[in-house]
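Below: the structure, in structure tokens.
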Protein chains: 2
Amino acid sequence: MSQVFKALSDPTRRRVLQLLQKGPMSAGALCDHFEFSKPTMSAHFAVLKEADLVHAEKTGKSVIYHLKLSVLEEALLGFIHSFGGLAEAPEPPSKTEPEIVR
Amino acid sequence: MSQVFKALSDPTRRRVLQLLQKGPMSAGALCDHFEFSKPTMSAHFAVLKEADLVHAEKTGKSVIYHLKLSVLEEALLGFIHSFGGLAEAPEPPSKTEPEIVR
DNA sequence: CTCATAATTAGTCATTTAGCTAAATGTGGA
DNA sequence: TCCACATTTAGCTAAATGACTAATTATGAG
């Protein structure tokens with residue numbers, strides 16, 4: 001979970017995820033959306049891979065990155081859930097309910 | 001937003017937030033839940049303050065930290081929303097809701 | 001006023017991060 | 001085979017992070 005939040009803490013990486021949200025994209029195509037060098041972008045991709053937020057599919061000369069939406073969901077919604085659901089709490093927390101504080 | 005995610009990327013800080021979820025707590029009381037030195041914890045508090053996730057209220061010798069739940073909500077739900085709602089889009093926080101942000 | 005307590009600041013250190021250029025790797029096409 | 005393209009790795013630097021101890025500030029109690 002820490003790695004997911006760490007990955008999300010950089011605006012470039014958040015933007016990469018948003019681009020991938022529209023569909024899989026090659027490393028080069030992703031790079032075209034930014035002004036950083038390709039090695040710098042490659043390092044950002046590696047952080048996203050490390051957090052398991054993307055999947056890299058190698059096809060020919062290119063590497064196609066895919067967003068792993070379910071991992072993002074699980075991390076964010078899981079964290080939100082540990083806060084009693086935050087805004088969207090479907091059930092009002094009972095006062096006697098045991099609180100799991102990990 | 002980057003600062004919120006950065007703050008959340010450390011497990012100690014996430015745990016601090018969860019402790020504060022149960023109610024305001026002094027710096028010292030928070031420290032008692034961890035084995036780190038007080039200055040180290042103070043630095044973590046500073047990161048949370050910087051991200052605007054907590055409010056520090058000075059009362060006498062103590063400093064009482066309060067969770068700013070609405071900021072956490074806005075960052076997480078706002079980001080989730082930018083992803084088309086992910087799993088299930090919760091209601092966006094109403095602008096007219098009287099939110100007490102301390 | 002003086003002392004003890006609560007918390008932060010100052011200063012240090014090792015590690016990580018984010019950026020770069022240059023070099024290496026791998027793959028498809030001529 | 002050889003070349004060009006796509007991407008990553010290697011190696012570097014500057015800045016940020018997270019931890020510590022020691023020192024400082026601020027406040028309430030005696």
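Worth knowing before you read on, the calculation uses all heavy atoms, side chains too, and leaves out hydrogens, waters and symmetry mates. Owing to the predicted nature of the structure, the values given are computational and were not obtained by experimental measurement. Proteins get letters first, then strands, A, B, ... in listed order; numbering begins at 1 in each.
B:L8 and A:V47 fall into different hydrophobic clusters, where Ile, Leu, Val, Met, Phe, Trp and Tyr residues are linked whenever their side-chain heavy atoms come under 4.5 Å apart, directly or through other members. Linking ILVMFWY residues whenever their side-chain heavy atoms come closer than 4.5 Å, directly or via other members, places B:L67 and B:M1 in the same cluster.
For B:K38 and D:dT25, the NZ to C1' distance is 15 Å, given to the nearest whole Å. When the C1' atom of C:dT8 is taken as reference, atom CE of B:M41 falls 14 Å away, rounded to whole Å. One interatomic measurement links the two molecules: CD1 of A:I64 to P of D:dT8, which rounds to 11 Å at whole-angstrom precision. The distance between atom NZ of A:K61 and atom P of C:dA30, rounded to the nearest whole Å, is 9 Å. Rounded to whole Å, the distance from CZ on B:F34 to C1' on D:dG18 is 14 Å. Note: CG (A:D10) to P (C:dA18) measures 5 Å, nearest angstrom. Per the geometry, CD belonging to B:E50 stands 14 Å off C1' belonging to D:dT17, to the nearest Å. Look at CZ on B:R13: it is 8 Å from C1' on D:dT17, rounded to the nearest Å.
The residue among A:K6 and A:C31 whose nearest nucleotide of DNA chain D is located toward the 5' end is A:C31. Along DNA chain C, the nucleotide closest to B:Y65 and the one closest to A:P39 are compared, and the more 5′ of them pairs with B:Y65.
Taking the side chain of A:H44 as heavy atoms from C-beta on, and the options C:dG19, D:dT17, D:dT8, the nearest nucleotide is C:dG19. Checked against D:dT9, D:dC20, C:dA18, the side chain of A:S42 finds its nearest nucleotide in D:dT9. Closest to the side chain of B:V63, out of D:dG18, C:dA7, D:dT8, is C:dA7. Among C:dG19, D:dT7, C:dT5, the nucleotide with an atom closest to any side-chain atom of A:F36 is C:dG19.
When heavy atoms are screened at a 4.0 angstrom cut-off, A:A27 is found touching the sugar-phosphate backbone but no base atom. Within the 4.0 angstrom heavy-atom criterion, base atoms lie near B:S37. Within 4.0 Å of B:T40, counting heavy atoms only, lies at least one base atom of the nucleic acid. Heavy atoms of A:S26 sit under 4.0 angstrom from primed sugar atoms or phosphate atoms, though from no base atom.
Between A:K58 and C:dT27, a side-chain N or O to OP1/OP2 separation shorter than 4.0 Å is present.
Using modelled atom types, one finds no donor on one side chain facing an acceptor on the other under 3.5 Å when comparing A:T59 with A:S62. Under the 3.5 Å distance criterion, with hydrogens and angles disregarded, a donor-acceptor pair is assigned to the side chains of B:R14 and A:S2.
Between A:F5 and A:F79, the two ring planes are perpendicular [angle over 60°; tilted spans 30° to 60°].
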